[in-house]
Amino acid sequence: MWSLAYGLIALAVVAFVVLYAAAHAPNFTTVNLADQPYGAKKWIAEYLPSFPKVDATSRFRVFVNVVRVARANATAYDYGTRQCTTFPVYLPVGYRLERAGENVIYQIYLNVTRCRYTALPRGEPAVLYEIELKHSLDQLPWLEVYAAVPHNLTQYYSWLHSYYTAWRRPPAVGLTPRVGADEAFMELVKAEHVLVYNATSDTAKLYVAAPAAALYVLLVDYPLKLPLTCPEQIASASSESQRSDTPVIGPPSPR
Amino acid sequence: MIAFRDVLIFAGLAALAAAVIASLFPVGEGASPVPACSDCAFKLTGGYWIRQYGNYAALYLDTREVVRYGWAYVDGRPLSIGENATCSPAMYLWVINGIAYVSCDGSPPRFGRDVLGPKLPFVDVRISVDWRSCRRTIEFDADLTERYGVSVEVYDEEGRLVVSSAGTIPGSVSFSIPMAGVYRMHIYAPPLLDEWYTLIAQVRILDLLRAKVFTSDSMQDLRSFASLKIFDLTNFWKKGYTGVTVHVNSAGASFTLSAPADAFADFLLAWEDCHNCDPADGALYVDEVWRLTFTQTNIVLTHIYSGGDFWHEVYVTSLPYGRVLIWAWNKEGPKLNSYTVPWFTTTVWIESQDSTMNARATFVKEC
């Protein structure tokens, strides 16, 4: 009988220790902070082609996960009717993107504020983009900028025109049907760029010098790739008269 | 046998032993040490608290210092030096890059500044037009849980409010533009939308054959190239005149028209039937005089005056009959003083014995 009593006491002690330890032991999990921005960027990259495209700046100011576009006309060769046709395209000129991971808010704001023809110190013609850049995480050491130079602009637009005839919606340059789908028509060259931080505002300025023949520049915050165009340059380059200072880019040849 | 007394004694002894052991616990070694890590998360139960010092933040279990971190943030705010923070019953602690983030409700800390500002759900605005009634429908499509009010206001060239209608997002707003002109439309639904659009509603006159369009009097002899003078009276009615007198030739012939009710656009058609019958100051452009009025949904042709010695014929295109003879002068044929075309476009032919004066014009309502 007394042994049973001691047994009960021992049980009570053991139960208390186990419960107390279980309740008070620090609950430990590891945080993988590196994966979260990657996951956020991958999610944005996946849905980027389907994000709404707006051309009103008032909407670009308040909506999130939208692409600011400029509407333009492109000329394509229609293989069905065997003649040149004009169709509307969207030129992406800004992004307001957000995706929150568990511990990370990934936001990127890009907006082409100015772009114009310029000459590089070497004398090459180039298009200078001035892009507003806001980023929620002050870490863009791996930001890369490429310029997409079309091998044959008409061929590229004819390919886009097939999406226009299929969807009856203007396709977006660089975004239709997804970023990178046009690699057969484009050559990506590294574009010179400089990022200028501003001490008094959140907005950094990204200056990109792209070859004059480039259709768009591609900002890469791996794995997110964002094409940005210069509507003024495209309007002047794709009007009826071919620009005289635009070099004709042939198929890439080994150098 | 175990008596009730014995059970009471056992229970009392058990409680005594538990109390003695429990009282020893916090001042001793603790349940288990807090691991030192650079990227991890804990749930800490018990008397844990954190204190910020000048160069580190220390996590305490009651009085014993457990671990040190670079700095402590509580609910997104960094602690100031000398400040304490604690949570009961449990403290959630994230350690990232050696910085401690504390929250009491278990919500994970978020990194990244908000650089975008307002983040509202996307509203798709689609404008569709019915050309016949010039009715515009603005559809607002959005994935919203609540409805936002939206007001649509349309102003004319002189800034007068023409249409004001209200709706909801998601939903649609529709309105008709009452008169041809250029309008500014304001879509206002703070904070979602604040946009201005330009709307053009007009009657385009095209495919002119020996015809010319005027917006005021024309008294000249234009027989060398035009037998039909088309006077656009829409702007007079828009300005609020109740009547207008149109002079069509230098002999002083004029036609006085009163303001139509509910017209979208209004034209006076004055036609000359003969190339060389009258002198330049004679009774020109009074052989066939018609009024062509675009109402909200139809086109109405009204006969005003006929004269001259030649025969005339007036044709219009109308649904579903095609080209219809509506008026014959000095000739066998229909004499319809008024004819309604139930469509948004029509072509008018006026023909005579002198085929060099045959005239034609097509009117299209474009919204």
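Per chain, numbering begins at 1; letters A, B, ... match sequence-line order.
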Given that the side chain runs from C-beta out, which part of [X] has a heavy atom under 4.5 Å from chain B: side chain, backbone, both or neither?
X     : value
A/V66 : side chain
A/L97 : backbone
A/A56 : side chain

- Task: Find out whether B/W94 and A/N103 are in side-chain contact, i.e. whether some heavy atom of one side chain is under 4.5 Å from a heavy atom of the other.
- Result: yes

- Can you list the residues that meet the side-chain hydrogen bond (donor to acceptor under 3.5 Å, both in side chains) rule with A/S50, with sequence neighbours excluded?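 side-chain hydrogen bond (donor to acceptor under 3.5 Å, both in side chains) check on A/S50 returns nothing, list empty.
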
- Query: Can you name the side-chain hydrogen bond (donor to acceptor under 3.5 Å, both in side chains) partners of A/K205, sequence neighbours left out?
  - Reply: none

- Message: With side-chain contact (heavy atoms from CB on, under 4.5 Å) as the criterion, how do B/L193 and A/R59 come out once you've worked through the C-alpha distance, each side chain's angles and the decisive distance to 0.1 Å?
- Response: CA-CA 7 Å; B/L193 296 167; A/R59 279 188 248 176; 3.8 Å; yes

- Query: Checking heavy atoms, do the side chain of B/P108, its backbone, both or neither come under 4.5 Å from chain A?
  - Reply: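 When you check distances to chain A, atoms from both the backbone and side chain of B/P108 fall under 4.5 Å.
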
- What part of B/L192 lies closer than 4.5 angstrom to a heavy atom of chain A: side chain, backbone, both or neither? both

- B/R110 side chain vs A/A100 backbone, donor-acceptor pair below 3.5 Å: no

More than 12 heavy atoms of other groups within 6.0 Å of [X] [atom1]:
X      : atom1 : value
A/Y47  : OH    : no
B/R113 : CZ    : yes
A/K53  : NZ    : yes
B/D143 : CG    : no
B/Y188 : OH    : no
A/K41  : NZ    : yes

- Query: Rounded to the nearest 0.5 Å, what separation is found between the CZ atom of B/F10 and the CD1 atom of A/I9?
  - Reply: 7.5 Å

- Item | Close contacts, residues 116-124 of chain B versus chain A, judged by heavy atoms under 4.5 Å | B/L116, B/P118, B/K119, B/L120, B/P121, B/F122, B/V123

- When A/A12, A/S58, A/A10 are compared by non-hydrogen pairs under 4.5 Å with chain B, the top option: A/S58

- Query: Between A/R96, A/K134, A/R61, which has the largest tally of heavy atom pairs under 4.5 Å with chain B?
  - Reply: A/R96

- Query: For chain B, which residues from residues 172-180 of chain A lie under 4.5 Å away (heavy-atom distances)?
  - Reply: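 So far as heavy atoms go, nothing in residues 172-180 of chain A approaches chain B to under 4.5 Å.
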
Pick from [options]: which one has the most heavy-atom pairs with chain A under 4.5 Å?
options              : value
B/N97, B/V95, B/D114 : B/D114
B/V125, B/L13, B/L16 : B/V125
B/A41, B/G112, B/A14 : B/A41

